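Only one structure is covered here, and it is reproduced in the block below.
The model shown is predicted, which means the values in this text are computed figures rather than measured ones.
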Amino acid sequence: MLIEKIELIGMWSYQAIERVGFAIRLFWDSFYWLIIGRRYQQKIRLRQVVEQVRVNGFDALPIVMTLAFVVGMMLSIQLLYALSDFGAESQVLLAIAKSVTREFSPLITGVIVAGRSGAAIAARIGSQVVSQEVDALKVIGIVPVRYLVLPPLLGLMISMPLLVVSADVMAIFGGAIFSVSKLDMSISAYMVESFNVLIVGDVMQGLIKSVVFGVIIVLVGATTGFHVTGGAEGVGKATTSAVVISISFIVLADMIASYFLTQ
């Protein structure tokens, strides 16, 4: 049994390293065909990218803004309670503005988009692998990476920062709804003061994270989709795996980015 467990760990480690290498190759190939695709009649069409921005960005805007508003209100409730012990309730405005733009907005947006777009990418590519549509693309001279991976990759790299900016505004507004009565301020004054205490680095930290999260979501979804086996059941497992793995890598990347961006 010990030998079987060691073999199992070795197999999982080999598969993990292989998937990471495959994801890195997808990222490289995507931008390779973005640059030289026109030379080989494999240019990316602007309409495809715009469609991905709409599907992955605009369609996700209502749920992102709603949850950001709720998180902002939740932070206001918890911070007012915690800071009241030190008589520092006035600092809740600064705490919410900094924590939302640096941490919560990109993280919440990344988790939501991973659940929506990551699963969709894995399911779409996985079903095409199972039905041999990917092989058909190769036969007719279309590079699968350029056609299946590059458009959502560019779409999420564009739409994720826009979603995070919207989440920032809604989260701060949610904090204002609960805090203004405690701070004896108007909502407009709270919003203006929140934006005044922010610096460029606070907003940029969240935007940088959002781009990284977008890349992770697409690469994990595509890698999982390209490795689908077992028909329709395999597609379902790949979809679940894509969401779980994407969120895990997003949390890990968020921790690493937070460390380096705050030094």
Rounded to the nearest 0.5 Å, the CG atom of Leu107 sits from the OG atom of Ser99 at a distance of 12.0 Å
Taking every non-hydrogen atom, the tightest pair across Asp59 and Val55
CB-O, 3.3 Å
Under a single-linkage definition using a 4.5 Å side-chain heavy-atom cutoff for Ile, Leu, Val, Met, Phe, Trp and Tyr, are Ile121 and Ile216 assigned to the same hydrophobic cluster?
yes
Give a yes or no on whether the backbone of Leu207 and the side-chain of Ser210 come within a donor-acceptor separation of less than 3.5 Å.
yes
Can Leu79 be reached from Ile77 by stepping across I, L, V, M, F, W or Y side chains whose heavy atoms are under 4.5 Å apart?
yes
Taking all non-hydrogen atoms of both residues, which atom of Ser179 and which atom of Tyr190 are closest, and how far apart?
CB-CE1, 3.8 Å
Could you state whether Met191 and Leu94 fall into the same hydrophobic cluster, counting links through intermediate Ile, Leu, Val, Met, Phe, Trp or Tyr residues with side-chain heavy atoms under 4.5 angstrom apart?
yes
As an exercise, state the distance from CG of Leu163 to CD1 of Ile108, rounded to the nearest 0.5 Å.
12.5 Å
Can Thr109 and Phe213 be said to form a side chain to side chain contact (heavy atoms under 4.5 Å, CB included), step by step?
CA-CA 9 Å; Thr109 303; Phe213 296 166; over 6 Å; no
Within the 4.5 Å heavy-atom criterion, are Lys209 and Met160 side-chain neighbours or not?
no
Tell me whether Phe58 at atom CZ has more than 12 heavy atoms from other residues, nucleotides or ligands lying less than 6.0 Å away.
no
How are the rings of Phe226 and Phe22 set relative to one another: parallel (under 30°), tilted (30 to 60°) or perpendicular (over 60°)?
perpendicular
Flag side-chain contact, heavy atom, 4.5 Å: Leu61 against Ser166
yes
Let me see the working for Tyr147 and Gln48 under side chain to side chain contact (heavy atoms under 4.5 Å, CB included), right down to the final yes or no.
CA-CA 9 Å; Tyr147 186 75; Gln48 293 176 301; 3.7 Å; yes
For Lys98, does the NZ atom sit with more than 12 other heavy atoms under 6.0 Å from it, leaving out its own atoms?
yes
Less than 4.5 Å apart, any side-chain heavy atom of Leu153 and any of Val215?
yes
As an exercise, state the distance from CG of Leu93 to OG of Ser76, rounded to the nearest 0.5 Å.
9.5 Å
Taking atom CG as the centre, does Asp184 end up with more than 12 heavy-atom neighbours from other residues, nucleotides or ligands that are less than 6.0 angstrom away?
no
Side-chain touch Ile177/Ile187, heavy atoms, less than 4.5 angstrom
yes
Glu51/Arg47 salt bridge by N-O under 4.0 Å criterion:
no
Can you tell me how far apart CD1 (Ile35) and OG (Ser30) are? Round to the nearest 0.5 Å.
11.0 Å
Determine whether a donor-acceptor pair (N or O, by modelled atom type, separation under 3.5 Å) exists between the side chain of Asp254 and the backbone of Ile250.
no
Around atom CZ of Phe195, are there more than 12 heavy atoms of other residues, nucleotides or ligands at under 6.0 Å?
yes
Identify the heavy atoms of Val228 and Ala238 that sit nearest to each other, and give their distance.
CG2-CB, 3.4 Å
Please indicate whether Ile3 has more than 12 foreign heavy atoms, meaning atoms of other residues, nucleotides or ligands, lying under 6.0 Å from its CD1.
no
Heavy-atom closest contact (Ala114 atom, Ser246 atom, distance):
CB-CB, 3.9 Å
Indicate the atoms forming the closest heavy-atom contact of Gly155 with Gln52, along with that distance.
CA-CB, 4.1 Å
Rounded at 0.5 Å granularity, tell me how far CD1 in Ile96 sits from CG in Leu75.
6.0 Å
Going hydrophobic residue to hydrophobic residue with side-chain gaps under 4.5 angstrom, can you get from Phe27 over to Leu154?
yes
Asp29 versus Val143: any side-chain heavy-atom pair under 4.5 Å?
no
Is any side-chain heavy atom of Val134 closer than 4.5 Å to a side-chain heavy atom of Lys138?
yes
Thr223/Ile245 under side chain to side chain contact (heavy atoms under 4.5 Å, CB included): CA gap, chis, key distance, verdict:
CA-CA 11 Å; Thr223 300; Ile245 296 173; over 6 Å; no
Check the side chains of Ser159 and Asn56 for a donor-acceptor pair under 3.5 angstrom, ignoring hydrogens and angles.
no
Same cluster (ILVMFWY, side-chain, under 4.5 Å), Ile158 and Val149
yes
Spacing of CG belonging to Leu219 relative to CG belonging to Leu26, to within rounding of 0.5 Å
6.5 Å
Polar side chain donor-acceptor pair, Asp202 to Thr101, under 3.5 angstrom:
no
Do Ser127 and Glu133 pass the side chain to side chain contact (heavy atoms under 4.5 Å, CB included) test, and can you show the C-alpha distance, the side-chain angles, and the key distance before you say yes or no?
CA-CA 8 Å; Ser127 62; Glu133 292 181 34; over 6 Å; no
Any donor-acceptor N/O pair, Ser13 side chain to Ile9 backbone, under 3.5 Å
yes
Between Ala123 and Thr239 the two heavy atoms that sit nearest each other are CB-OG1, 3.7 Å
